[in-house]
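This report refers to the structure that appears directly beneath it.
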Amino acid sequence: SVGELVGERLKSDGRWFVQRNMLTILREAKIGAGGIDLDKFLKHTDPRVRREAIQLQFSDPLTRDRSIIAALKETDSQIVKVALQAARQGLPEAAVPVLAKRVIDPDFPPEYRAAALQLLGRSNSMLALEALLRFAMSGTTLLGKPKLAAKSREMLVGLSALARAWPNDRRVAPLLANAR
């Protein structure tokens with residue numbers, strides 16, 4: 001019965017904070033969206049409403065992967081954070097290209113970069129490998145040997161992911177030898 005009341009309120013009240021609160025009630029009560037069309041809320045101008053709508057979609061196995069991909073493309077850093085948390089339970093393979101591209105983007109929230117690299121390290125995708133190499137390697141020496149990037153959290157996470165997932169790759173093996 002709560003779901004029906006929330007649905008009615010969402011249709012009748014257009015204020016952003018009411019919509020956000022109603023979506024939060026649905027999510028926290030684990031009711032799901034039911035018959036509510038979330039597209040309107042996923043395109044809302046206020047990121048707080050979009051965040052709640054996306055989190056509601058994460059609970060539905062049919063929309064989870066698509067929602068994670070959409071959330072990773074968001075400009076609001078809190079929505080990206082929520083997407084990264086949801087992806088810990090399994091990063092959809094279709095999200096790897098999006099995350100690999102976003103993590104090297106200068107506009108990507110730096111506080112979430114290490115978490116994104118950890119997720120990419122769980123993928124077997126060549127796009128993930130390329131993104132991880134960008135953080136672990138900083139070019140080559142005059143003799144053509146790969147150089148380690150400057151020590152940073154992102155570099156260490158990237159290097160550890162490379163060691164775990166691609167230790168025998170022709171570009172990774174020499175880099176790991178340098179790190180040792």
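Throughout, residue positions are numbered sequentially from 1 according to the sequence presented.
Atoms CZ and CD1, from R66 and I54 in turn, are 10.5 Å apart once rounded to the nearest 0.5 Å. With values rounded to the nearest 0.5 angstrom, D60 atom CG is found 8.0 Å from S67 atom OG. Atoms CG and CG, from L159 and L162 in turn, are 6.5 Å apart once rounded to the nearest 0.5 Å. We find the CG-NZ distance between L99 and K73 to be 12.0 Å, quoted to the nearest 0.5 Å. The OG1 atom of T45 sits 10.5 Å away from atom CH2 of W16, with the distance rounded to the nearest 0.5 Å. Considering CD of E154 and CZ of F135, their distance stands at 6.5 Å, rounded to 0.5 Å.
The nearest pair of heavy atoms linking V157 to A114 is CG1-O, 3.6 Å. The two atoms that bring P146 and P174 nearest to each other are CG-CB, 3.6 Å, heavy atoms only. The heavy-atom pair separating P167 from V172 by the smallest distance is CA-CG1, 4.3 Å. Here the closest heavy-atom approach between residue I68 and residue G90 is recorded as CD1-O, 4.4 Å. Between F41 and A53, the shortest heavy-atom distance links the atoms CB-CB, 3.8 Å. Across all non-hydrogen atoms, the minimal contact from L10 to K40 is O-NZ, 4.1 Å.
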If you apply the rule salt bridge (Lys or Arg N to Asp or Glu O under 4.0 Å), what do you find for D76 with R51, and how did you get there?
CA-CA 9 Å; D76 180 64; R51 190 178 320 133; 3.4 Å; yes
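Within the 4.5 Å cutoff, no side-chain heavy atoms of T24 are placed close to those of Q55. Using a 4.5 Å heavy-atom cutoff, the side chains of R122 and L91 are not in contact. Contact annotation: the side chain of L38 approaches that of L23 to within less than 4.5 Å [non-hydrogen atoms, C-beta and beyond]. Contact check for S123 versus E93: side-chain heavy atoms found under the 4.5 Å cut-off. Contact check for Q19 versus D13: no side-chain heavy atoms found under the 4.5 Å cut-off. In this structure, the side chains of R171 and E130 come closer than 4.5 Å at one or more pairs of heavy atoms. Inter-residue side-chain proximity for L175 and L133 is flagged as met; some heavy-atom pair is nearer than 4.5 Å. Residues T141 and K147 are in side-chain contact: their nearest non-hydrogen atoms beyond the backbone lie under 4.5 Å apart.
Formation of a donor-acceptor pair under 3.5 Å by the N21 side chain with backbone atoms of F17 is found in this model. No side-chain donor-acceptor contact under 3.5 Å links R20 to the backbone of R48. Using a distance-only test at 3.5 Å, with no hydrogens or angles considered, a donor-acceptor pair links the side chain of S138 to the main chain of L148. Counting only distance, with no hydrogens or angles, the side chain of D65 and the backbone of A94 share no donor-acceptor pair below 3.5 Å. T63 contributes a side-chain N or O that, together with a main-chain N or O of Q57, makes up a donor-acceptor pair within less than 3.5 Å. The main-chain N or O of R113 is never found under 3.5 Å from a side-chain atom of R153 such that the two would form a donor-acceptor pair.
A salt bridge does not link E74 to R102: none of the charged nitrogens lies less than 4.0 Å from a carboxylate oxygen.
L127 and L84 sit in two unconnected hydrophobic clusters of ILVMFWY residues. Membership requires side-chain heavy atoms under 4.5 Å apart, directly or through other members.
Annotation for R64: atom CZ counts as buried by contact number, over 12 foreign heavy atoms lying within 6.0 Å.
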